[in-house]
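Residues take their numbers from the sequence shown, with the count starting at 1. As the structure lists them, so they are numbered: ligands from 1, and atoms in each ligand from 1.
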Amino acid sequence: MTPLEEVREIVLAQCARGPVITLPVREARGCVLATVVVATEPVPPFANTAVDGYAVRSVDVQNVPVELEVIGEVAAGAVSPVALREGTAIRIMTGAPIPDGCDAVVMVEDTERIADHGVRIFKSVSFGDAIRDAGSDVAVGATVFTPGVVVTPMVEGVLASINAQKVSVYWKPRVGVISTGDELVDDGSPLRPGQIRESNRKMLLQLVEQSGAEPIDLGILRDDEEELESVLLKVTSRGVVDALITSGGVSMGDYDVVKAVLGRIADMRWFQIAMKPAKPFAFGVMPGEDGRIVPVFGLPGNPVSSLMSFELIARPALRSMMGMTNPYRPVVQAIVDEEVSRKPDGKTHFDRVHATWGSDGRVHVRRTGPQGSHQLAATAVANAIMAVPDGNGVRAGDTVEVTFLGPDAGATAQ
Ligand code: AMP
Ligand code: MG
């Protein structure tokens, strides 16, 4: 058996970072920036008020209460035609430009309107109070983002704020997902004896999408070597996909056709990984269009095994192809709140858990249910994976290493 770490190294070494492309920001969502982004516009573009209130000269409001003459009004999107003079104020709304002569803004809550053209100020303010200077978020010429930053919703917001229309990013590999098996159906028809409903492909397509890559649904293929071979050769040689994920058919069964076919047409490694679930795993490369190399991930068919080998190996590999320098999910230490017994077998057991923050400030975990490799239902509500090292298990209160799954994983209505 090969340790997971070693398998990861072998796989990542073959999953080269893809080309840099220039994309409109909208299309670059989830991609990794390949160059620095330098601001050509300041944010905010002009000094403006952070509050609704009165634009004043701070020297006029040092002794309060004090009455000032209101000589105008300015809303967001407008510019005050008048400047402040001694003893005057201008009514101003959040985001409006600071009028000439003004050096502070008093919140409306600290004022009272009097007569027709007056305001009483109850609280003194200092020079600069409630004024957001031009460029105080992003200065012109500042490096806003460095290579490696992922275009998240927040990054997209910042790019919009500096009027960046296009960005240089690493590609989004197109990842073909195939499930294999004569027993699989997904057309909603009643199950005939021996049939089961296909589930891995739907899960994997979405996992690929969440990883930031572009999923391509290549459907269900029968356990038929010829058919599988022709589809795999077609999609790789014609440049339909940049990577391939298959599920099923890589273990020791007589109909494990993925194993037979990939053994012929790809340069494959067949792993027995020192982990449970997902011990069998295949990885290799096929020749693609224009001399490119297409990585192929042969995941086991059991749904939980498929998920785990995707999460622990294929996902980091895809993220690495997307230009991420650290493609792994963060691992944290947690307290396990129950005893988990197991027997020594040379493997790390990856149990699916629900993680919460305890009142002690630590992360606490409990298994979400049965841990069999076919029992996806219990795994589906987990938000993390707990590593139970080889040995006799862990006791309640022990420290374990936990990998958090995606942001929505295991989310439950409160
Ligand atoms: P295999 O790896 O092909 O030997 O399959 C192992 C187990 O996973 C078998 O019980 C299969 O029926 C099941 N399986 C394989 N592929 C899928 C799939 N796409 N969806 C659901 N179950 C699957
Ligand atoms: Mg099969």
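A 4.5 Å side-chain heavy-atom check between Ile98 and Phe46 finds every atom pair outside the cut-off.
Checking Ile245, Leu244, Val250 one by one against Phe297, the side-chain contact (heavy atoms from CB on, under 4.5 Å) holds for a single residue, Ile245.
Expressed to the nearest 0.5 Å, how far CG of Leu307 lies from CD of Glu311 amounts to 6.0 Å.
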Considering only N or O atoms, set out every pair between ligand 1 and the protein closer than 3.5 Å, with distances to one decimal place.
| from | atom 1 | to | atom 2 | distance (Å) |
| --- | --- | --- | --- | --- |
| ligand 1 | 2 (O) | Gly249 | N | 3.3 |
| ligand 1 | 2 (O) | Gly301 | N | 3.0 |
| ligand 1 | 3 (O) | Gly249 | N | 2.8 |
| ligand 1 | 8 (O) | Gly301 | O | 3.2 |
| ligand 1 | 8 (O) | Asn302 | N | 3.2 |
| ligand 1 | 12 (O) | Glu183 | OE2 | 2.5 |
| ligand 1 | 14 (N) | Gly301 | O | 3.3 |
| ligand 1 | 19 (N) | Glu198 | OE2 | 2.9 |
| ligand 1 | 20 (N) | Ser199 | N | 3.0 |
| ligand 1 | 20 (N) | Asn200 | N | 3.3 |

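For the 3.5 Å distance criterion, the side chains of Gln165 and Asn163 qualify, holding a donor opposite an acceptor.
Looking at Gln14, its side chain never comes within 3.5 Å of a backbone N or O of Val11 through a donor-acceptor pair.
Qualifying side-chain contact (heavy atoms from CB on, under 4.5 Å) partners for Ser251, counting only residues two or more places apart in sequence or in other chains: Asp256, Pro280.
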